[in-house]
Amino acid sequence: MEESGRPSRGQSQAAYTDIDGTVTAYNTIFEFLRFDAAKRSCEAEAEDLLAGLRSAARNGAPRSVTNARYFCWWRGRSVAEIDELGERWADAQAESPEEWPFLEPVTSLLDAHTRSGRRIVAVTVSFEPALVRVRRRWPNLEMLCTLPRTHKGRYTGDIEEALVGGAKERAVASHAAEYAVDLSASFAYGDHHSDLQFMALAGESLLVIPTVKDGPAPNGLRFATQFSRP
């Protein structure tokens with residue numbers, strides 16, 4: 001964005017970004033579940049759950065519904081245990097970074113925003129234990145994500161709200177109001193039509209689609225809207 005796009009005094013700029021398929025080349029919550037299942041030798045159960053979620057999505061179930069079903073996997077588990085599991089998964093990913101790649105161009109764009117002093121904010125249906133490696137990559141990353149409900153230090157299997165579609169839009173608007181972010185001078189990144197609602201709040205946005213029907217698109221980019229580099 002050109003320097004003329006600087007926010008007025010007392011306001012800040014931000015880059016709001018989806019994570020799965022936009023920043024990471026893998027689905028963080030699905031792969032975190034698989035990591036947990038492998039540790040507990042219940043891979044078949046995990047794959048049955050994930051297959052059920054994919055089938056429900058193909059049959060028209062909203063993403064908010066399938067996301068809520070996903071969190072049943074963690075019912076009864078200790079929050080502290082899952083936090084520690086997230087750290088272990090991030091350690092394992094760091095040992096094989098080629099197997100757990102970050103995606104361009106958004107990775108480099110977030111680096112540029114960081115150097116420019118802008119806030120960078122994840123807007124994701126994932127939850128924090130599955131995002132440890134992403135937070136290690138950008139230590140100042142702020143999180144707007146799905147919040148699982150807990151009781152006496154354990155997950156109930158329920159969530160406050162799946163952060164998809166309109167929920168992402170509301171979360172971004174609330175964050176911008178709380179932290180005096182000038183949305184017209186800010187950026188947004190996503191990879192799915194459900195991201196368009198929150199992306200429309202930003203002055204500059206980039207919609208990336210890593211693959212197309214007949215194979216990868218050049219540089220992993222299919223099209224962009226209202227985009228300029230920071």
Side-chain angles (χ1 to χ4, degrees), residues 18-103 122-135 143-168 190-195 209-213 215-216 220:
D18 173 61
I19 297 297
D20 298 340
T22 302
V23 174
T24 62
Y26 53 92
N27 184 298
T28 55
I29 54 176
F30 282 16
E31 296 306 325
F32 184 48
L33 186 152
R34 288 188 170 108
F35 181 76
D36 176 59
K39 293 295 182 185
R40 299 193 296 131
S41 300
C42 55
E43 293 94 333
E45 182 182 350
E47 293 306 324
D48 284 346
L49 172 62
L50 296 178
L53 296 180
R54 290 192 294 269
S55 176
R58 287 194 298 271
N59 290 328
R63 297 182 84 191
S64 57
V65 171
T66 56
N67 182 250
R69 291 177 185 172
Y70 163 86
F71 281 94
C72 292
W73 178 265
W74 307 104
R75 181 180 290 123
R77 304 286 294 279
S78 161
V79 173
E81 173 202 357
I82 304 309
D83 285 346
E84 194 274 336
L85 184 71
E87 296 289 342
R88 290 166 59 193
W89 189 43
D91 290 342
Q93 290 174 300
E95 293 173 359
S96 303
E98 68 286 348
E99 297 179 16
W100 305 99
F102 292 108
L103 291 172
V123 189
T124 174
V125 75
S126 189
F127 72 134
E128 293 208 33
L131 298 166
V132 174
R133 180 167 178 259
V134 178
R135 294 201 77 162
M143 288 286 185
L144 301 176
C145 59
T146 298
L147 299 176
R149 290 178 178 168
T150 63
H151 179 67
K152 295 183 178 179
R154 293 185 178 274
Y155 289 115
T156 68
D158 299 319
I159 60 175
E160 295 298 330
E161 181 180 36
L163 212 71
V164 298
K168 284 189 174 185
D191 75 316
H192 189 268
H193 65 81
S194 64
D195 294 325
I209 298 181
T211 59
V212 293
K213 184 175 180 180

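Source: prediction; values computed, not measured. Here, residue 1 is the first one in the sequence, and each next residue gets the next number.
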Residues Ala37 and Trp73: closest non-hydrogen pair is CB-CZ2, 4.0 Å
Using the rule given for side chain to side chain contact (heavy atoms under 4.5 Å, CB included), can you reason through Ser126 versus Ile19, listing the C-alpha separation, both sets of side-chain angles and the distance that settles it, and then say yes or no? CA-CA 8 Å; Ser126 189; Ile19 297 297; 5.9 Å; no
Ring-plane angle category for Trp89 and Phe32, please: parallel below 30°, perpendicular beyond 60°, tilted otherwise. tilted
According to the salt bridge (charged side-chain N to carboxylate O under 4.0 Å, His left out) rule, which pairs have a member within residues 53-67, sequence neighbours left out? none
Between the side chain of Arg69 and the main-chain N/O of Ala56, is any donor-acceptor distance below 3.5 Å? no
Roughly how far, to the nearest 0.5 Å, is the CG atom of Leu147 from the CD atom of Glu161? 9.5 Å
Straight-line distance of Asp18 CG to Leu144 CG, nearest 0.5 Å: 12.0 Å
Whether Trp74 and Phe127 hold their rings parallel, tilted or perpendicular, with breakpoints at 30° and 60°: tilted
Does Asp195 reach the main-chain N or O of His192 with its side chain, forming a donor-acceptor pair under 3.5 Å? yes
How far does OG of Ser55 sit from CG of Asp48, to the nearest 0.5 angstrom? 12.0 Å
Which residue pairs pass the salt bridge (charged side-chain N to carboxylate O under 4.0 Å, His left out) test when at least one of the two sits in residues 147-158, sequence neighbours left out? Arg149-Glu160
Side-chain (Asp20) to main-chain (Thr28) donor-acceptor, under 3.5 angstrom: yes
Less than 4.5 Å apart, any side-chain heavy atom of Val134 and any of Phe102? yes
Under the salt bridge (charged side-chain N to carboxylate O under 4.0 Å, His left out) definition, can you give me all pairs with a residue in residues 77-87, not counting sequence neighbours? Asp36-Arg77, Arg77-Glu81, Glu84-Arg88, Glu87-Arg136
Between CD1 of Ile159 and SG of Cys145, what distance do you get to the nearest 0.5 Å? 11.0 Å
Would you name the heavy atoms of Ala61 and Thr66 that are closest together and state the gap between them? CB-CG2, 4.0 Å
Residues Val132 and Ala90: closest non-hydrogen pair is CG1-CB, 3.6 Å
Could you tell me whether a side-chain N or O of Tyr70 sits under 3.5 Å from a main-chain N or O of Ile29, the two making a donor and an acceptor? yes
What heavy-atom pair brings Ala94 and Arg133 nearest, and what distance separates the two atoms? N-NE, 4.4 Å
Please give me the minimum heavy-atom distance between Tyr26 and Pro101, naming the atom from each residue. CE2-O, 3.9 Å
How long is the span from the CE atom in Met143 to the CZ atom in Arg135, to the nearest 0.5 Å? 4.5 Å
Thr24 vs Glu31, test: side chain to side chain contact (heavy atoms under 4.5 Å, CB included). Steps then yes/no. CA-CA 11 Å; Thr24 62; Glu31 296 306 325; over 6 Å; no
All heavy atoms of Asn27 vs all of Phe30, minimum pair found to be OD1-N, 2.9 Å
Any donor-acceptor N/O pair, Thr146 side chain to Ala162 backbone, under 3.5 Å: no
